[in-house]
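Residues: numbered from 1 along the sequence shown.
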Amino acid sequence: MTWIEEKRGVPFWLSFFVFLLVTVPMGVLRPYWYDELSARWLAEAPNLAEFVSRVKAGVEPTPPGYLFIQYLALHALGWSEWTTRVPSMIGYGVALCGLYCFVKRRLDAMAGALAMAVMILSGSIYYAQEARPYGMVFGATALAMCLWQKYVDQERAKYVIWMAFWLFLAASLHYYAVLLGVPFGIWALSRIWIKRRIDWGALVAASAPGIALIVHLPLIRLAMSEQSDPKFSWSQPSFAFPAKFWERALEPGLLTIAFLTLLVLWIWRGVQRGPAQPARETETARLPLEELILLTGFVLIPVGGTIFAKLVTNAITPRYVFTAMLGYSVLAAHVLTRLAPAGRAWILALLLVGGAGNGLLDLRWLIKSPPPGAFSIPEVAGAPPAVVDDYLLYAVLGRYAPPEVFSRLVYVTDRKNLTRYTKSGQMELGTVVAVRKGQFPGRSDYLDSFLQKEPRFLLFEPRRPEDNESFLSRSLWERGATLSVASIQPDGRWFLVERGAAH
């Protein structure tokens, strides 16, 4: 495998090829889901004035900068779904190139490719094929890291200015990118101790994500005011969140398998060589102290995110803190270079095979999955309206279901007793508002109001792995309604509901 190291540029291009292999087909073929559909409504605005009007509606909490990029991509590249995913693909590709340059500057090209491969095999690769801001956040962050590296080496003002720009932009693409203040803030404070002086440029750059959040505060408040009840958080934080994040980030088990396999191969090759040919060790395989501090700060982003969510937002989910993988990937490349310099080509090959295998398995699953609009309503006398007890499913059906099916669907949630059935509720309530404002097509209502208008209807209760995600059946039983099973399907069951005498 030494030919991989000997051929200049081969490690990088092999890694980038695997990135394209696992990203482009899924980005083109995968149907939209809820979050992508909610942003698509703004991108589909026929003109800029209408786009601004939809932003002001306050039903989409994504920063307008990213939404405008989607608007431009859609109108420039066409109305296919993959066009709004192009910015994410480009952003993630930029992130991989940035990682490669960052690591190569300190170690070598093979180590840079290893960092790329670790990133590709992680759970972060999903966000390169999704029409959401995360891929672009990765790209902006990687560019900030490269400029940071040059600033540490040369302390020239232009580097810190551009670093601040990319950090500001990252937080302007997704508000939780404010957590980039954790690694860069830790570095800026440690620099005071290292240099025995205050580096004002470093402090300003580290503050850039927070400044971006302050600039966008009026839009954040507008989005919160349009929520039916903002105190209902859909993903409440817990102190177990950092562990859950790393489980999700490293979920592709091939990362661990490949690493262990490599160690076995490395040891075996060392035994075969014998003591006369010890594994070579490069003098460059070491990161400076400031670099280790910054990268450790990246690994601590999930911890900072948990604290931020506990104190400020009451909401956190793994995708908000996946920028941590940028630092982890660099550290992993560094460790692998130190532990097994002679076997890095094997490590790279195993990681890339694992990444390609995961991507092809996902593609196979997607091709075999039923079409997203494949949804049938049982035949019942009178053709009553059909209620869907799942905001994720309702949004998808609004785009993919045949008109004759979707015309009978209504999204309903129980606003009155929502907290009795689920710990969250923001998305359920927000979907009612979004449908009423046109962000999603169709009809929506709250349960008490709907019962007053419809004495008889069908209710679809999907099979979902999350606890308490479908709860209208229980709520209707408590209100005295009669529920009888109308149909059982692989993905859920239909009830025929008849209103109780109390209504």
Side-chain angles (χ1 to χ4, degrees), residues 11-12 14-24 26-27 30 88-89 91-100 102-103 111-130 132-142 145 174 176-177 179-180 183 241-262 295-303 305 316-337 344 347-363:
F12 170 81
L14 281 176
S15 302
F16 205 82
F17 170 77
V18 171
F19 157 66
L20 295 176
L21 178 68
V22 303
T23 300
V24 174
M26 288 291 289
R30 187 167 58 84
S88 295
M89 296 180 191
Y92 199 95
V94 169
L96 292 179
C97 294
L99 277 179
Y100 177 79
F102 186 93
V103 177
L114 283 173
M116 294 173 67
V118 171
M119 190 78 175
I120 291 169
L121 189 51
S122 75
S124 69
I125 191 64
Y126 173 83
Y127 301 104
Q129 51 189 253
E130 184 179 61
R132 297 296 290 155
Y134 311 108
M136 296 193 68
V137 170
F138 294 151
T141 304
M145 291 172 65
H174 194 277
Y176 271 83
L179 295 172
L180 291 172
F241 173 76
K244 292 180 179 178
F245 163 75
W246 286 111
E247 178 184 358
R248 169 77 177 275
L250 306 179
E251 188 175 9
L254 290 174
L255 181 62
T256 303
I257 295 172
F259 179 73
L260 293 177
T261 302
L262 163 75
L295 298 174
T296 302
F298 268 94
V299 175
L300 292 175
I301 283 178
V303 177
I316 191 75
T317 190
R319 60 180 177 269
Y320 293 171
V321 296
F322 254 107
T323 47
M325 279 304 304
L326 293 167
Y328 174 87
S329 299
V330 177
L331 288 172
H334 176 240
V335 170
L336 292 171
T337 297
R344 292 182 304 163
I347 296 181
L348 180 64
L350 289 167
L351 292 178
L352 293 179
V353 168
N358 276 347
L360 293 176
L361 286 174
D362 288 343
L363 184 60

Ignoring hydrogens and geometry, is there a side-chain-to-backbone donor-acceptor pair from Arg30 to Gln129 under 3.5 Å? yes

Would you say Phe138 and Leu96 make side-chain contact, with heavy atoms under 4.5 Å? no

Centroid-centroid distance, Phe322 to Tyr134, less than 6.0 Å: no

Would a distance-only check, ignoring hydrogens and angles, find a side-chain to backbone donor-acceptor pair under 3.5 Å from Ser15 to Ala117? no

Using the ring of each side chain (for Trp, its six-membered ring), is His174 parallel, tilted or perpendicular to Tyr320, with breaks at 30° and 60°? tilted

Step-by-step side-chain contact (heavy atoms from CB on, under 4.5 Å) determination, Leu250 to Tyr328: CA-CA 11 Å; Leu250 306 179; Tyr328 174 87; 3.8 Å; yes

Does the side-chain contact (heavy atoms from CB on, under 4.5 Å) test come out yes or no for Phe102 and Val330, once each step is laid out? CA-CA 8 Å; Phe102 186 93; Val330 177; 3.9 Å; yes

Point-to-point distance, once rounded to the nearest 0.5 Å, from CZ of Phe241 to CD1 of Ile316: 4.5 Å

Determine, stepwise, if the pair Met119 / Ser124 fulfils side-chain contact (heavy atoms from CB on, under 4.5 Å). CA-CA 7 Å; Met119 190 78 175; Ser124 69; 3.7 Å; yes

For Val118 and Ala332 the tightest heavy-atom approach is CG2-CB, 4.1 Å

For Phe16 and Gly93, the nearest pair of non-hydrogen atoms, with its separation, is CE1-O, 3.9 Å

Stepwise side-chain contact (heavy atoms from CB on, under 4.5 Å) check, Leu295 with Met145: CA-CA 10 Å; Leu295 298 174; Met145 291 172 65; 4.2 Å; yes

To the nearest 0.5 Å, how far apart are CZ in Arg248 and OG1 in Thr317? 6.5 Å

So CG of Leu121 and CE of Met116: to nearest 0.5 Å the spacing works out to 13.5 Å

Considering all heavy atoms of both residues, which atom of Ala333 and which atom of Thr337 are nearest to each other, and what is their separation? O-OG1, 2.8 Å

Would you say Arg319 and Phe245 make side-chain contact, with heavy atoms under 4.5 Å? no

Are the side chain of Ser329 and the backbone of Leu326 linked by a donor-acceptor contact shorter than 3.5 Å? no

Which atom of Ile301 lies closest to which atom of Val321, heavy atoms considered: CG2-CB, 3.8 Å

For Ala324 and Pro302 the tightest heavy-atom approach is CB-CD, 3.9 Å

Rounded to the nearest 0.5 angstrom, the CG-CG distance for Leu179 and Leu300 is 12.0 Å

Would you give the length of the straight line joining atom CG of Leu352 to atom CZ of Phe17, rounded to the nearest 0.5 angstrom? 10.5 Å

Would you please classify the geometry between the Tyr100 ring and the Phe12 ring as parallel, tilted or perpendicular, with 30° and 60° separating the classes? tilted

Point-to-point distance, once rounded to the nearest 0.5 Å, from OG1 of Thr141 to CE of Met136: 11.0 Å

Identify the two heavy atoms, one from Ala115 and one from Val103, that lie closest to each other, and give their separation to 0.1 Å. CB-CG2, 3.8 Å

